[in-house]
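I have placed the structure first, in the form of structure tokens, so that the comments after it can refer back to it.
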Amino acid sequence: MLRLLLFLSAVTAAGAQEPLTGDTTIDISRMMFYGQRYSRLYVNMTGNFAICFNGYYGTMEGLDCIIGETQTGKNPEYFTGGFNSGVQGSLYKTLPTLTSAMQSYIEFYETPVSGIELTIYIFGTETAVKLYGTTMFQTMVNGANVDNLVGSTFPRYFDISGCRQSGVGYKTGDVISVDHDTCTDLVCDDTEVHTRPSSSCRLEHTCTVSGPAVIDSDGRVNSVQDRCAHSLMSLPSVPNFHVLANFQERRRKDVSFLDSVTLRLDGSDIHLQQGGRVQLNDTTLTLNSSVQEVHGVELSKDHTGVTAKVSLTDYNTSVFFDGNTAHIRVTRIGAIESLQGLCGNSSRPLSDVRLSQDSTSGCDVLHNDSADPAINCSAMTERCNLLNEAPFTACHNHTDPAPYITACTDTLCKYPAVDGLGCQFLEAYAKACSLYSNITLEDWRSKAGCSAPRASCQDRFCSAHEFCAEKASGEDGCFCRALFASPYRSTGTLGDPTVCERDSASLSLVGCLLEEKGIDYSTLHLNDNSCVGQVDEQTHMVTFSFDGSDSCGTVVSVNNSQVIYKNTIMTHNHTDVIVRHDQVSIDFSCFYTQPDVRTMSFRIKDSSVIEEITSGAWNYTLTMKAYLDSSRTRLVESSTEVMLNQKIWVELETDGLGDGLVAVVTDSCWATNQKSPNGGLRHDLISSGCANRADQTVEVTGNGQGTSNYFSFNMFQFTGSSADVYLHCRLNLCVTQNNTCAPTCSAAGSRRRRSARSTYVAEAPAFITMAWTN
Ligand SMILES: *[C@@H]1O[C@H](CO)[C@@H](O)[C@H](O)[C@H]1NC(C)=O
Ligand SMILES: *[C@@H]1O[C@H](CO)[C@@H](O)[C@H](O)[C@H]1NC(C)=O
Ligand SMILES: *[C@@H]1O[C@H](CO)[C@@H](O)[C@H](O)[C@H]1NC(C)=O
Ligand SMILES: *[C@@H]1O[C@H](CO)[C@@H](O)[C@H](O)[C@H]1NC(C)=O
Ligand SMILES: *[C@@H]1O[C@H](CO)[C@@H](O)[C@H](O)[C@H]1NC(C)=O
Ligand SMILES: *[C@@H]1O[C@H](CO)[C@@H](O)[C@H](O)[C@H]1NC(C)=O
Ligand SMILES: *[C@@H]1O[C@H](CO)[C@@H](O)[C@H](O)[C@H]1NC(C)=O
Ligand SMILES: *[C@@H]1O[C@H](CO)[C@@H](O)[C@H](O)[C@H]1NC(C)=O
Ligand SMILES: *[C@@H]1O[C@H](CO)[C@@H](O)[C@H](O)[C@H]1NC(C)=O
Ligand SMILES: *[C@@H]1O[C@H](CO)[C@@H](O)[C@H](O)[C@H]1NC(C)=O
Ligand SMILES: *[C@@H]1O[C@H](CO)[C@@H](O)[C@H](O)[C@H]1NC(C)=O
Ligand SMILES: *[C@@H]1O[C@H](CO)[C@@H](O)[C@H](O)[C@H]1NC(C)=O
């Protein structure tokens with residue numbers, strides 16, 4: 001009923017109804033049909049319901065038409081009409097793309113009115129169609145379908161103004177093509193073809209850095225050989241943002257690996273490091289799977305790695321780092337400017353992207369290492385070529401495997417496939433594919449023999465001279481970098497030389513060398529198993545030490561002229577039946593060399609003589625001082641006048657030998673009148689640790705009982721000689737353990753009354769005084 005009313009109202013406003021029998025041409029006002037103006041219709045409603053603009057349907061190829069099927073096929077008719085503001089208003093509402101004023105319309109229909117009704121509304125440069133009836137019409141340009149007009153029991157409206165480009169029709173609003181170079185769309189915009197910034201073209205640059213290889217968006221592979229920081233990407237229009245990659249060597253000196261990635265934003269650095277560690281400047285951040293915004297960077301962390309996202313005015317950048325491989329993506333809706341850095345223009349020499357501040361560190365020095373004979377390059381090539389096969393083929397259309405294969409082969413032919421490297425490039429490809437094309441590869445790991453992804457090295461933080469990798473036991477460990485370990489490996493040691501200090505000795509073992517040998521430092525101790533190593537949390541050095549007061553079972557022995565302090569680092573003596581690590585036994589020792597003949601030019605003008613004795617690995621000082629009293633409080637100074645036959649106390653004191661382990665024994669002291677201990681006239685004061693029986697003034701105290709002793713004698717002068725008196729003493733170090741160091745002196749050597757017998761003659765005191773001030 002509604003339809004009939006509409007029909008009648010249309011009839012009243014319109015011209016006469018015309019029957020459509022056979023072929024009919026109708027002239028109309030100029031109308032737009034997909035970008036082409038027509039003013040004549042060729043209508044044949046016998047069989048097909050065909051309205052064409054440049055010839056009868058079916059008579060030739062490539063016509064522009066609106067065709068559909070007749071429904072009743074009976075009594076087709078049409079009529080035309082002019083402007084109707086009500087119709088114009090409702091068309092504006094349903095088809096917002098219409099902007100011109102309605103001029104006329106032409107309506108085709110079958111009778112009775114239950115048949116099809118199709119009306120063309122001419123709006124200047126725009127044209128609309130109303131379709132009534134459950135049928136479908138299609139519009140064709142050059143014989144090719146452009147649009148399907150699906151009718152219904154309610155009227156439906158379509159804009160057929162459109163455009164055409166190279167003979168192809170497009171609907172208003174259609175994107176005709178996308179220029180990916182300029183990231184612009186060619187769109188059909190109300191009968192005209194325009195370019196506009198693309199809404200679909202999301203320009204992106206992706207870049208994958210794995211091991212030494214940098215794979216940029218264009219599939220170029222660059223290999224970093226030094227151990228410097230390099231610029232990965234920066235954008236000229238965003239000078240406050242920069243992504244850097246830091247490279248370090250691992251087991252070989254001649255192959256570098258990506259070690260960490262730095263996002264530099266407004267002068268602050270966010271470092272993504274191995275083990276999932278993230279630092280803002282020098283502060284370590286605590287991250288989890290919830291996104292946390294830190295200094296304008298969105299950070300999150302899961303069991304596979306760390307993701308950092310930065311949104312800048314026109315760009316979004318995301319960096320994913322799993323400790324071995326970094327995937328960087330820069331996106332922008334619309335054209336992207338050229339990227340700088342390794343990810344952008346890798347045709348630039350590497351030295352251009354190296355950060356200059358590093359050149360002083362020597363990071364750019366390249367090292368050689370002997371080739372690894374265990375590497376089978378053809379086997380590695382085969383392995384890398386797995387990327388050419390299923391299931392990786394699912395990604396090929398999106399991500400070219402060739403650069404990954406190149407990077408994989410180049411690396412694995414130089415560097416052994418250890419520490420998971422045999423899977424690293426396959427993993428990098430699969431991850432790039434899933435990140436950038438949203439394709440998740442089927443189980444490639446079982447095919448390639450790679451273990452399931454796991455939290456590799458998560459929360460295992462190694463120091464700067466170490467890198468993290470899986471140990472043979474399956475746990476993660478810190479291994480030594482080649483350059484750091486090189487001096488140890490070349491000498492076959494696990495640590496630094498023993499440091500023998502004044503009264504202590506220590507030996508530091510390198511944590512990562514122990515780790516490589518499968519030695520757990522916590523099982524190590526000294527002879528005394530309560531003396532264990534101290535670990536430095538920063539350097540992972542394990543230090544064992546002992547000193548005089550805490551001897552840790554140190555064994556002291558004497559070998560000819562040396563006193564040797566020896567201890568051993570050993571593995572805990574387990575009562576277990578089995579152990580899973582090597583038994584360790586590292587001896588370390590410090591030794592004093594027995595002092596040689598010491599020439600103490602005891603001249604009275606020097607109130608004390610101090611000798612720094614560096615013998616063997618030990619340093620100690622030996623001081624010789626002369627006093628005027630037995631309690632040794634009145635030092636003989638250069639101004640002190642000592643009379644002939646005045647009693648002098650000479651103290652021999654050491655410092656730096658520690659307590660209790662050794663004693664100082666004054667073996668002999670004698671005087672000469674010349675500097676040389678052997679030259680000129682000689683007078684013995686002490687021989688074999690005992691006072692010279694021939695000089696009754698001599699008295700020895702405390703010899704061999706500690707680290708100092710003293711003796712006394714009465715001042716003399718050499719007969720008929722110059723004023724100089726040189727006093728020489730020879731000292732021994734004596735191990736106190738199980739020894740009696742105090743010399744046993746015969747009664748004859750003990751003090752007796754001074755005899756009148758004298759081999760030297762007292763002279764005028766003035767003469768002696770002179771000598772002392774000499
Ligand atoms: C009109 O359509 C009828 C039926 O399909 C056909 O026989 C006739 O030839 C057509 N006329 C022209 C001019 O194509
Ligand atoms: C990081 O260090 C830089 C340079 O020292 C400084 O300018 C910046 O403010 C620091 N950022 C933060 C978040 O502390
Ligand atoms: C992640 O860390 C934030 C801040 O430390 C905390 O508020 C949040 O609950 C954590 N989320 C999860 C899933 O642990
Ligand atoms: C950048 O990220 C924001 C937030 O995720 C998103 O709304 C925007 O569309 C992205 N822009 C580009 C160019 O990808
Ligand atoms: C890349 O760098 C080379 C050498 O510096 C330069 O000649 C070339 O123009 C650069 N290309 C782009 C796209 O910036
Ligand atoms: C490494 O060895 C190659 C060939 O043996 C030699 O040409 C090169 O100069 C060496 N490089 C260094 C840094 O020693
Ligand atoms: C290297 O690997 C290939 C392929 O796996 C194998 O055929 C060849 O025997 C291997 N060569 C050596 C020396 O192991
Ligand atoms: C890759 O593209 C080719 C040609 O376009 C197509 O035949 C093939 O099915 C595509 N492969 C995949 C895995 O999508
Ligand atoms: C990726 O694929 C998953 C599942 O197939 C879908 O839920 C997700 O929306 C896709 N993401 C994008 C960015 O296409
Ligand atoms: C370890 O124990 C065994 C047997 O108990 C013993 O023979 C050996 O001397 C011990 N070694 C050390 C260094 O104590
Ligand atoms: C002994 O001490 C001197 C001065 O302190 C120092 O130069 C020297 O290296 C030390 N020798 C040893 C073996 O420690
Ligand atoms: C010291 O003497 C004790 C008891 O005679 C003996 O057990 C120990 O082995 C000796 N030590 C040395 C270093 O000779």
Side-chain angles (χ1 to χ4, degrees), residues 228-235 238-246 251-252 255 259-273 276-288 290-301 306-312 317-319 321 341 354-361 363 369-390 392 401 404-426 429 444-451 461 464 538:
C228 299
H230 290 265
S231 167
L232 278 186
M233 60 143 273
S234 61
L235 295 151
V238 196
N240 59 339
F241 182 61
H242 203 167
V243 181
L244 310 167
N246 309 289
R251 293 177 191 269
R252 291 180 63 85
V255 180
D259 195 56
S260 65
V261 179
T262 301
L263 283 80
R264 181 166 293 166
L265 184 61
D266 297 325
S268 291
D269 283 351
I270 293 190
H271 305 285
L272 315 183
Q273 300 168 338
R277 175 151 66 174
V278 178
Q279 289 189 316
L280 170 62
N281 282 351
D282 292 326
T283 314
T284 301
L285 305 173
T286 312
L287 299 179
N288 57 29
S290 336
V291 173
Q292 221 184 98
E293 183 164 328
V294 177
H295 205 72
V297 179
E298 288 179 2
L299 294 167
S300 62
K301 170 175 162 178
V306 178
T307 303
K309 289 186 177 167
V310 187
S311 295
L312 301 163
T317 303
S318 77
V319 179
F321 183 54
R354 183 156 56 217
L355 299 190
S356 53
Q357 73 233 37
D358 258 348
S359 56
T360 49
S361 69
C363 68
D369 226 336
S370 51
D372 185 338
I375 295 176
N376 182 340
C377 190
S378 58
M380 288 303 121
T381 308
E382 258 175 43
R383 176 161 189 82
C384 297
N385 277 325
L386 287 176
L387 286 176
N388 276 328
E389 297 168 20
F392 296 105
Y404 291 82
I405 294 172
T406 305
C408 176
T409 318
D410 287 356
T411 308
L412 288 175
C413 282
K414 280 191 294 200
Y415 193 95
V418 296
D419 308 331
L421 196 61
C423 292
Q424 186 170 317
F425 293 93
L426 308 183
Y429 181 75
W444 59 270
R445 289 194 175 81
S446 59
K447 176 168 184 188
C450 296
S451 55
F461 305 134
Q538 290 296 311

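Ligands are counted one by one from 1 in listed order, and the atoms in each one are counted from 1 as well.
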Parallel, tilted or perpendicular: ring planes of Tyr429 versus Phe392, cut at 30 and 60 degrees: perpendicular
Taking all non-hydrogen atoms of both residues into account, name the closest pair between Arg251 and Tyr415 and its distance. N-OH, 2.8 Å
Is the number of heavy atoms from other residues, nucleotides or ligands within 6.0 Å of CD (Gln538) greater than 12? no
Residue pair Gln273 / Asn246, side-chain heavy-atom distance below 4.5 Å: no
Check: Thr286/Asn288 side-chain N/O donor and acceptor closer than 3.5 Å: no
Of all the atoms in ligand 7, which lie at a distance below 4.0 Å from a heavy atom belonging to Ser378? 1 (C), 2 (O), 3 (C)
Is the number of heavy atoms from other residues, nucleotides or ligands under 6.0 Å of Asp282 CG greater than 12? no
Candidate pair Asn240 and Asp266, rule side-chain hydrogen bond (donor to acceptor under 3.5 Å, both in side chains), full reasoning: CA-CA 5 Å; Asn240 59 339; Asp266 297 325; 2.8 Å; yes
Asn376: numbered ligand 7 atoms lying under 4.0 Å from its heavy atoms: 1 (C), 2 (O), 3 (C), 8 (C), 10 (C), 11 (N), 12 (C), 14 (O)
Tell me the residues surrounding ligand 2, counting only those with a heavy atom closer than 4.0 angstrom, sorted by chain and number. Gly267, Ser268, Leu280, Asn281, His295
